[in-house]
Amino acid sequence: MAKGITKRAEDYSRWYLDVVAAAELAEHSPVKGCMVIKPNGYALWEKIQATLDKMFKDTGHVNAYFPLFIPESFLKKEAEHVEGFAPECAVVTHGGGKKLEEPMVIRPTSETIIWSTYKKWIQSYRDLPILINQWANVVRWEMRTRLFLRTTEFLWQEGHTAHATAEEAEQETMQMINVYRRFAEEYLAAPVFVGVKTESEKFAGAVRTYSIEAMMQDGKALQSGTSHNLGQNFAKAFDVTFQDENGKLDYVWATSWGVSTRLIGALIMIHSDDNGLVIPPRLAPLQVVVVPIWRSDEEKQKLLSHVEKITGDWKDRFSFKVDDRDNYRPGWKFNEWEKRGVPIRIEIGPKDLENDQVVVVRRDTGEKSFIPQGQLVELLPRLLDQIQQDLYDRAKKMREENTFYADDWNSFVKRIDDPGGFYWLHWCGSDACEAQLAEQTKATIRLIPFDGEKESGKCVLCGADSDRRVLVAKSY
RNA sequence: CGGGGCGUAGCGCAGUCCGGUUAGCGCGCCUGCUUUGGGAGCAGGAAGUCGAGAGUUCGAAUCUCUCCGCCCCGACCA
């Protein structure tokens, strides 16, 4: 049925690449680690963008754009930041045929260029808050790349806000991680855990990093969005101060937050199957495809004009397309739309015309049903909602079945390799135990949960007291 | 950076070990006819600086050397 797609059970990572290729989402570019995002993939990104952009605007943010090039010296102003990012920066040394006086880095993230700019914009508390987002590309020279999950250049959005108080900055950081959580759950149909990153995993230059973590079908974790409380670190590095209501000078409080084209990788690895891509209806660029089936030109004309009648009141309710291409046969088209992940396919042929019905096929389950034509306009939106919900429920069930509690080190070490999955462990909070965990199991502490219940226990590594469990998994 | 693989038509590959006419095959593409409810059939056709350079040889996709690039697996990371 699915020619050219490796089975998940056989080789998960080849399956992933096959799905990307079969759905024509992206391909490798001539430059190592970079990808060409093809129209199907970009359409998905545009849906993600449109949805998030609205959520950002609804929470009071506005868009702006800052330059791709950053003077190298800017990056060096915040000690932790430069340490974290310098190794993965691409640096431009020449321009206009001449060696530059100061090299420029291609942004790996924009905190430095933005805070050097905010310095000029902020004098008083009346200038605050600044709530800016930008949609941009960034470059990080990673050693190993994977389409969408980690590429040298990728597309993302980065929010950069400036506040008068620590409380307000914290509130913003929290608000945005919740926006991401809501996006993941309601649009990506991806259940996520939300929490705080450990010191060693947090953003370079942040005081605290919050993250959402989703489980892929192979039981590995994917960090799908992060929100950082930057404290006054960047304000201090760039000397950004403001005068408060009492005339007192203080450094500005900052946050930053982002999600990237990696979300497309998450979408693929959470929902897709051995037949190809499965897209949650709310993010599907195309939600319903109609495949008419005819045997003669006369029949074709009759069918197409009938289809036009049926679909007349579909506009503005959901997106759809009638695949009236003459050069492909129906079976070929079924397969094509399946690989591309279109949530609902409708087949309509001569027999259906006679019986005043159509065949409705769900992409996620493959289930076929005969539906009276008059009911479609009501049924299809409901079915799209149902599929959205079912995808979420299925993903959640998968996650629950692969999330475990572990208190014994030795059995945990075995189980993290096979069957893998997520583990709630007691951890004392020390860097040493965290490092040892990573070294011995290749799994890492994904986060310390916000809503984790207090529970006293012993660190699974050293036996010291612990008052809550942390989420541990292997990750992408 | 280590390990593995690959580079021959748009894509996937064979041919390379053991040099020898005009470099093949499948898919795709073009033309025509027949087809059309799960990847259609037949006939005809177009399409290649064999990753690059140098060397050996009467003769190189094939042997030698050098270089380049990409993919996969690991160490770094959204």
Side-chain angles (χ1 to χ4, degrees), chain A residues 1-6 11-14 16-18 21-22 24 27-35 83-89 108-109 137-158 180 197 200-204 209 211-214 221-228 256-266 275-276 291-297 299-300 303 323-339 345-353 355 357-359 361 366 368 370 438-439 442 444 474-476:
Chain A
M1 201 94 136
K3 264 187 235 165
I5 299 180
T6 308
D11 184 341
Y12 193 79
S13 106
R14 257 186 63 198
Y16 174 80
L17 290 167
D18 289 347
E24 296 182 57
E27 62 187 43
H28 293 284
S29 84
V31 177
K32 180 182 168 68
C34 293
M35 64 176 166
E83 196 187 326
F85 282 105
E88 53 189 70
C89 282
T109 179
N137 58 337
V138 286
V139 167
R140 295 182 187 176
W141 218 262
E142 304 289 355
M143 291 167 177
R144 184 147 140 54
T145 56
R146 263 151 116 23
L147 290 176
F148 290 114
L149 298 174
R150 179 169 302 102
T151 45
T152 301
E153 180 192 11
F154 57 95
L155 305 183
W156 78 346
Q157 75 38 233
E158 46 181 326
Y180 291 151
K197 284 287 186 186
S200 71
E201 296 271 336
K202 75 173 191 197
F203 177 76
T209 290
S211 150
I212 55 172
E213 300 277 332
L222 185 73
Q223 178 175 308
S224 307
T226 47
S227 180
H228 316 291
S256 67
W257 28 273
V259 297
S260 71
T261 33
R262 169 179 269 193
L263 287 175
I264 294 176
N275 294 325
V291 179
I293 298 148
W294 59 77
R295 284 168 303 205
S296 64
D297 273 353
E299 211 165 58
K300 177 184 173 186
L303 258 162
D323 186 356
D324 59 358
R325 288 177 294 177
D326 228 336
N327 49 334
Y328 295 106
R329 301 166 80 242
W332 193 93
K333 293 177 183 176
F334 297 166
N335 211 273
E336 169 86 349
W337 296 114
E338 218 158 74
K339 286 189 302 191
R345 179 179 77 239
I346 291 177
E347 306 169 12
I348 177 166
K351 288 180 228 158
D352 302 309
L353 271 194
N355 299 325
Q357 65 179 22
V358 300
V359 181
V361 187
K368 292 189 182 188
F370 296 92
E439 198 180 312
K442 308 229 164 127
T444 48
K474 291 188 183 176
S475 71
Y476 279 97

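Convention: sequence-line order gives letters A, B, ...; per-chain numbering from 1. Since this is a predicted model, take the numbers as computed values, not measurements.
- Contact annotation for A:E347: base contact, defined as any heavy-atom pair under 4.0 Å involving a base atom.
- Residues passing the side-chain hydrogen bond (donor to acceptor under 3.5 Å, both in side chains) test with A:K333, sequence neighbours excluded: none.
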Assess whether side-chain contact (heavy atoms from CB on, under 4.5 Å) is satisfied between A:R146 and A:S13, documenting all intermediate values. CA-CA 10 Å; A:R146 263 151 116 23; A:S13 106; 3.6 Å; yes
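- Across all strands shown, B:rU16 forms no Watson-Crick or G-U wobble pair with both distances under 3.5 Å.
- Within 4.0 Å (heavy atoms only), A:T151 reaches at least one base atom of the nucleic acid.
- Nucleotide B:rC65: paired with B:rG53 (Watson-Crick or G-U wobble, both distances less than 3.5 Å).
- Using a 4.0 Å heavy-atom criterion, one finds that A:T261 contacts no nucleic acid atom at all.
- Taking side-chain N and O atoms only, A:R295 has no distance below 4.0 Å to OP1 or OP2 of B:rU36.
- Side-chain nitrogen and oxygen atoms of A:R14 include none within less than 4.0 Å of the OP1 or OP2 phosphate oxygen of B:rC73.
- When each of B:rG39, B:rG38, B:rA78 is scored by its nearest atom to the side-chain atoms of A:R345, the top-ranked nucleotide is B:rG38.
- Residue A:L222 is classed as having no contact, given no heavy-atom separation below 4.0 Å to the nucleic acid.
- Checking B:rC71, B:rU36, B:rG39 against the side-chain heavy atoms of A:R329 singles out B:rU36 as nearest.
- With distances taken from any side-chain atom of A:I293 to the nucleotides B:rU36, B:rG38, B:rC73, the minimum falls on B:rU36.
- The side chain of A:P330 lies closest to B:rG37 when the candidates are B:rG37, B:rG38, B:rA78.
- Ion pairing between A:E336 and A:R345 fails under the 4.0 Å rule for side-chain N and carboxylate O.
- The side chain of A:R140 has B:rA78 as its nearest neighbour among B:rG38, B:rA78, B:rU36.
- Among the protein residues, A:D326 comes within range of no part of the nucleic acid, since none of its heavy atoms lies under 4.0 Å from any strand.
- Residue contacts shown for A:V359 include a base, since a base heavy atom lies under 4.0 Å away.
- Contacts of A:G33 with the nucleic acid, taken as non-hydrogen atoms under 4.0 Å apart, involve only primed sugar atoms and P, OP1 or OP2.
- For A:E338, taking side-chain heavy atoms from C-beta onward, the closest of the listed nucleotides B:rC72, B:rG39, B:rG38 is B:rG38.
- The side chain of A:H28 lies closest to B:rC71, out of B:rG37, B:rC71, B:rU36.
- One distance of note links CE of A:M35 with NE2 of A:H28; it measures 10.0 Å at 0.5 Å rounding.
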Before you tell me yes or no, could you show the steps for A:W257 and A:F203 under side-chain contact (heavy atoms from CB on, under 4.5 Å), namely the whole-Å CA-CA distance, both residues' side-chain angles and the distance that decides it to 0.1 Å? CA-CA 10 Å; A:W257 28 273; A:F203 177 76; over 6 Å; no
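- At the heavy-atom level, A:F154 lies under 4.0 Å from base atoms of the strands shown.
- A sub-4.0 Å separation between OP1 or OP2 of B:rU36 and a side-chain N or O of A:S296 is absent.
- Residue contacts shown for A:K351 include a base, since a base heavy atom lies under 4.0 Å away.
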Base contacts versus sugar-phosphate-only contacts with protein, heavy atoms under 4.0 Å: please encode nucleotides 29-34 of chain B as B, S and - from 5' to 3'. S-----
Check nucleotides 74-76 of chain B against the protein and report each pair of N or O atoms closer than 3.5 Å, with its distance, or say if there are none.
| from | atom 1 | to | atom 2 | distance (Å) |
| --- | --- | --- | --- | --- |
| B:rG74 | OP2 | A:R144 | NH2 | 3.4 |
| B:rC76 | O2 | A:E142 | OE1 | 3.3 |

